[in-house]
Amino acid sequence: MDVSHLLDELNDAQREAVSAEPGHCLVLAGAGSGKTRVLVHRIAWLIQVHHISPMAILAVTFTNKAAGEMRTRICDLLSINPDGLWIGTFHGICHRLLRMHAQEAGLPETFQILDSDDQYRLIRRIIKDMELDEGEYPARAVQGFINAQKEAGRRVEDIAQSTAVYQHDIQAKHLAIYRQYQAACERSGLVDFAELLLRVVELLRDQPARRAYYQKRFGHILIDEFQDTNSLQYALVCLLSTDLGPVNSPEITTTIPRNHLFVVGDDDQSIYGWRGARVENVNQFVRDFKPSLVRLEQNYRSTATILAAANHVIEHNDDRMGKNLWTDGEDGEPIRIFPAYSAEEEAEFVIGRIQQWVDQGHRLSEAAILYRSNAQSRLFEQTLLREDIPYRVYGGQRFFERAEIKDAMAYLRLAHNRDDDGAFERVINLPTRGLGQQTLQKIRTVAKESDRSLWDAVTGMLKQSELGARGQNAIHGFIDIIEQIAAHESLGSAVKAAVELSQLVAWYQKKEPPDRAESREENLAELIRAAEGYQQPFEDEQAGLSPMASFLAQAALEAGEHQSDRWEDCVQLMTLHSAKGLEFPLVFLAGMEEGLFPHQKSVEEAGRLAEERRLCYVGMTRAMQQLYLTHAESRMLHGQTSFSAPSRFIREIPENLTEAIRQSQTQSPQQMWASPAQSQSDFSLGAMVRHERFGLGMVVSLEGQGANARVQVNFEEAGSKWLVLAYANLEPVA
DNA sequence: GCGATCTGGATTTTT
DNA sequence: TCCAGATCGC
């Protein structure tokens, strides 16, 4: 078979990776270096050249989107549908394994997935039930604690046994909540996201035969975005590998042919440390598996100037694996830096430049405005709205996260599994059917005392007539609805029944303004349509899942699009985090200010600056042709005007790669930072200073050093305002 | 059960 | 400033 097409369009490094000999391989893939292409071609290479069965290949990604894209591209490349090939997210794959081995993993066959929102609600409920102070034990923090424990592979028992730290009251309480939470999950047959992974890790760890089976089956394991893996995911990879001595008993490993890991990642693009991702896993992988190493450094996206600038910024980080992006393309235009007086002016400037871009015959959708935090989108949106320019904001609520969808889904969940207490709590009185807190509390108490689910408890209480007449009626009605939904055979009609019988639409119409209610109604209609057209994945069917179970799992695992992607031509607005993996001809990094980016919290907490810098690197490398960095001297933050110096990341770009749009201030940002004249020693209490905009003022206090240095000034000309400023924005007056 | 009012907190996000 | 969540009064 002619396989030249698999290598023809690749550069040397890509070719080296795709055709790497059996053994482990680590591909360090810089931004825009064609990493997905390498993964896809590698899989095709394994199938067509090494005649590996698709069944023996496991490809893991981080998002459903990436998994879908990879599948499509493989289909295109091979022009066959590689059935049996496992491509999915860590969670998707673990879900699949648990469906196949529910019993062995200690789960009921009907187990359902608890998404973050469900998890949060459940934890809050438990904290309330335990009569703990919600101020002292915020559910969010406890949720973080529990997930962190699970991600470290720690069960309640593991922690309870490990001594000292958990003797303190707070930790002991956290642990107690964890215990209650886990018990509640088990009673209801619910599995949270971390649990999906942990159960599989435990299954493979404790059952050598199973482990051996999958080690043998998956001869080739490919993992994307390895820098984003957490401890649990790393543990899973180790368990699936035949090579990691300590976890495998010799009698088993010797009988299994060696399997191969192909890992792709970029330590410079690790931006999810705050949610448990461990860049260290990349180095750990090198130590544990001694892979061959391929660097993809040729960039096909950005101009040489943009790459040079990004390289300079990222070089300020230590502990890199080292990589230098290059291109054989053109130098392109300089990085443009705009110092705005205010955030409003920044927005106007950015949108002005976008209009110019369009006037030059380009498309709106080629322009992206990237920012550090979501709140920054507001001003841009206002300005775009005023100028009547269409735009799209990424992020926000996704389809299956919408309240009305979750409501309807709770009816379905309950119809599917009566023990789902989370679902019960959510809709037992929604729409309100006259059940008060008292009745509800009574039901909870009974359930708790008899260690039964709420559904069991309430049906029991009905039989014993332990409820008031009104409550009795209400609950009868509710039970009736659930039973009716459950009686439907097809998924589509069950969902339709859930939406109709629940009378959610009427409820929202009564409760909310017409436009809001209308959108909810549309979403519910969309839900029915989605259910009616739902095609159960082959694997789910194979695993013996009912369409309903599979639909519910899908909804939790894949929350759907943020917005219906109307393919309109519009400006793209998103956070730097959401921009990862995307590219745009024209990119604005807005709000490049100390305190905002790098964010204050990351500056304060030791060791978090490097990740901010990587985020900057990610942002810069999104740009194909033009890159603007803008910062505002003043902006409204939490209802107060605050003043900030330009971001240190601007300073880290050599001046010869940049062009200052306005030399309004005394110096360019680079000079502001570099100039020895602008240091604390040049200011003293009571000294007079001048500010470009606020005029003459007097120094009333001084604090901080370097980037965080601030001086408080009383500006008499500006109506005796006391403003806190960066030194760099002030000029001493003799 | 629900609207009006008060309060506190405000990176980043996928599964 | 702006939002969500808690609290209060009917």
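Chain letters run A, B, ... following the sequence lines, proteins first and then strands; every chain starts at 1.
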NA contact type, [X], heavy-atom cut-off 4.0 Å: base, sugar-phosphate, or nothing?
X: A/Asp115; answer: nothing
X: A/Gly395; answer: nothing
X: A/Asn429; answer: sugar-phosphate
X: A/Ser116; answer: base
X: A/Arg635; answer: nothing
X: A/Asn64; answer: sugar-phosphate
X: A/Lys580; answer: nothing
X: A/Glu612; answer: base

Any donor-acceptor N/O pair, A/Gln143 side chain to A/Ala139 backbone, under 3.5 Å: no
A/Phe145 backbone acceptor or donor facing A/His174 side chain under 3.5 Å: no
Can you confirm whether [X] sits close enough to [Y] that some side-chain heavy atom of one is under 4.5 Å from a side-chain heavy atom of the other?
X: A/Ile113; Y: A/Leu190; result: no
X: A/Phe380; Y: A/Glu346; result: yes
X: A/Glu195; Y: A/Gln182; result: yes

To the nearest 0.5 Å, how far apart are [atom1] in [X] and [atom2] in [Y]?
X: A/Asp224; Y: A/Thr36; atom1: CG; atom2: OG1; answer: 6.0 Å
X: A/Phe588; Y: A/Ile351; atom1: CZ; atom2: CD1; answer: 8.5 Å
X: A/His416; Y: A/Asp420; atom1: NE2; atom2: CG; answer: 9.0 Å

Sugar-phosphate or base contact per nucleotide [nucleotides 2-10 of chain C; S, B, -; heavy atom under 4.0 Å]: S---S----
P atoms of B/dT12 and C/dG5, separation to the nearest Å: 16 Å
Residue whose closest nucleotide on DNA chain B lies nearer the 5' end, A/Asn374 versus A/Leu435: A/Leu435
Pairwise 5' ranking along DNA chain B for A/His91 and A/Arg372, keeping only the more 5' one: A/Arg372
Criterion salt bridge (charged side-chain N to carboxylate O under 4.0 Å, His left out) on A/Glu404 and A/Lys511, from CA distance to verdict: CA-CA 12 Å; A/Glu404 65 277 21; A/Lys511 216 179 72 160; over 6 Å; no
Close approaches to DNA chain B from residues 263-271 of chain A, in residue order (heavy atom, under 4.0 Å): none
Range on DNA chain B touched by chain A, heavy atoms, distance below 4.0 Å: B/dG1 to B/dT15
Distance under 6.0 Å and angle within 45° of ring axis: A/Arg275 vs A/Tyr272: yes
Partner of A/His577 under ring pair (Phe, Tyr, Trp, His ring centres under 6.0 Å), chosen from A/Trp274, A/Phe597, A/Tyr394: A/Trp274
